Q: 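Dropping the structure in here first, questions after.
Residue numbering restarts at 1 for every chain, and letters A, B, ... go by the order of the sequence lines. Just so you know, these numbers come straight off a predicted model, no measurement behind them.
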Amino acid sequence: MIVFYVLMVFMIIGAIVAVETKNMLSAVIAVGAVGVGASVIFLFLRAPDIAITQVIVEVLSLIILIRVTIRADNYAIERRQDNFANIVGLVFVGLFLVFAFWAYKGLPEFGNPLMRVSSSYLREGTRETGAANIVASVILDYRAYDTLGEAIVLFTSILGAFVILRPKGRKHIGEEDKGSFGIIEDKEIKE
Amino acid sequence: MEGMTKIVKTVARLVISFIFLYGLYIVIYGHITPGGGFAGGVFISIAYVLMMLAFSKKVAMRKLSNFAASLCDNLGAFSFFIIGLLGSIFSGYFLYNLINHGTPFRLVSAGTIPLSNLAIGVKVGASLYAIFVALSIYGRVLTEKEEK
């Protein structure tokens, strides 16, 4: 149990460093440290499937983020004091804590899951689907619809990224906008 | 000389094939050992991303071009859907596990689960490589020098 607290403190420190540091590259690396801590926690909770996925997605997202941030326009973010934003943030954090305290009372205790549906998966899973890995039998047999939905979400997001980032039809430097933008008038944009 | 230094290139040349092989292992043995289509697909895409970073954009694009990655992405998603549709046609339930289950702990077992894992692996690997290409090459803001 103590190892979870140590890893959680490590992850919280990493998250604070990621928010507070001035350099973008250090912030990205601190976010990666948080992800690695999460994957080690999954490994200690005996969930190797999700630990593998977490660590490898973390590596890939870290590479992509580093590739994006170490461009020429790598500037440090200035700290600005905005009292209204701070107060609104504090109010919402307080509201979240109140409702979380209220809601988490109804949840089962850590380490004592309800096991209503999952107990039958654990008992019958290997016999009914033939897969030795229970996780695979759940995500690709009992809950295959969710996996199809996840695949479609990934497919749609990549389609969107390709449409937005394609080189064709991009505006060149110093080129004027052609046509109107519907709701906003062209004059307002130029002003 | 494009890409990174000679040290990085030598190490990458040795490591890329092992990363790719481990990704294939995670995909194909997804129904027996931890892992599965998504994690193995990310491993496969990492092999190509490492190739693109260590060597150059040109080398990686020669191995798996942008069009081929997009095609693999579409084919993976479509074949997963076809597996579901076949279950619907032959048994009446969408995504029904209609192939004979066989004995557990064997490589050929669990009916359609390995086939779905393979489809998801191809789809995720190709699509994450494609998104890396899109973000790192297309997403670059051109400077005025490059524009000319």
Q: What part of Thr33(B) gets within 4.5 angstrom of chain A, counting heavy atoms only: side chain, backbone, both, or neither?
A: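 Backbone only.
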Q: How many angstroms lie between atom CZ of Arg62(B) and atom OG of Ser56(B), to the nearest 0.5 angstrom?
A: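 Arg62(B) CZ to Ser56(B) OG: 7.5 Å, rounded to 0.5 Å.
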Q: Determine the option with the most heavy-atom pairs under 4.5 angstrom with chain B, choosing from Pro48(A), Ser157(A), Ala132(A), Ala144(A).
A: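 Sorted descending by pairs with chain B, the first entry is Ala132(A).
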Q: Counting only heavy atoms from other residues, nucleotides and ligands, does the tally under 6.0 Å from CZ of Phe44(A) exceed 12?
A: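 Counting neighbours around CZ of Phe44(A), 12 or fewer heavy atoms of other residues, nucleotides or ligands fall under 6.0 Å, so no.
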Q: Heavy-atom pairs under 4.5 Å with chain B are the metric here; pick the option from Leu154(A), Ile50(A), Ile63(A) that has the most.
A: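 The option with the most such pairs is Leu154(A).
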Q: Taking CZ in Phe55(B) as the centre, count heavy atoms belonging to other residues, nucleotides or ligands within less than 6.0 Å. Is the count above 12?
A: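 Result for CZ/Phe55(B): enclosed.
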Q: Decide if the gap between the ring center of Tyr145(A) and the ring center of Phe94(B) is smaller than 6.0 angstrom.
A: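 Yes, the ring centres sit under 6.0 Å apart.
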Q: Please tell me if the side chains of Pro34(B) and Ile52(A) come closer than 4.5 Å, counting only heavy atoms from C-beta onward.
A: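 Side-chain contact under 4.5 Å: yes.
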Q: So which part of Ile113(B) gets closer than 4.5 Å to some heavy atom of chain A, the side chain, the backbone, both or neither?
A: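 Both backbone and side chain of Ile113(B) come within 4.5 Å of chain A.
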Q: With only heavy atoms counted, which part of Ile26(B) is less than 4.5 Å from chain A, the side chain, the backbone, both or neither?
A: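 Answer is side chain: those atoms of Ile26(B) sit under 4.5 Å from chain A.
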Q: Rounded to the nearest 0.5 Å, how far does CG of Leu122(A) lie from CD1 of Ile134(A)?
A: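 Rounded to the nearest 0.5 Å, the CD1-CG separation comes to 6.0 Å.
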Q: At a heavy-atom separation under 4.5 Å, does Phe38(B) approach chain A through its side chain, its backbone, both, or neither?
A: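 Side chain only.
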Q: Between Asp141(A), Leu148(A), Thr147(A), which shows the greatest number of heavy-atom pairs under 4.5 Å with chain B?
A: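 Max contact count across the listed options: Leu148(A).
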Q: Gln54(A) versus chain B, heavy atoms under 4.5 Å apart: side chain, backbone, both or neither?
A: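 It is neither, since no heavy atom gets under 4.5 Å.
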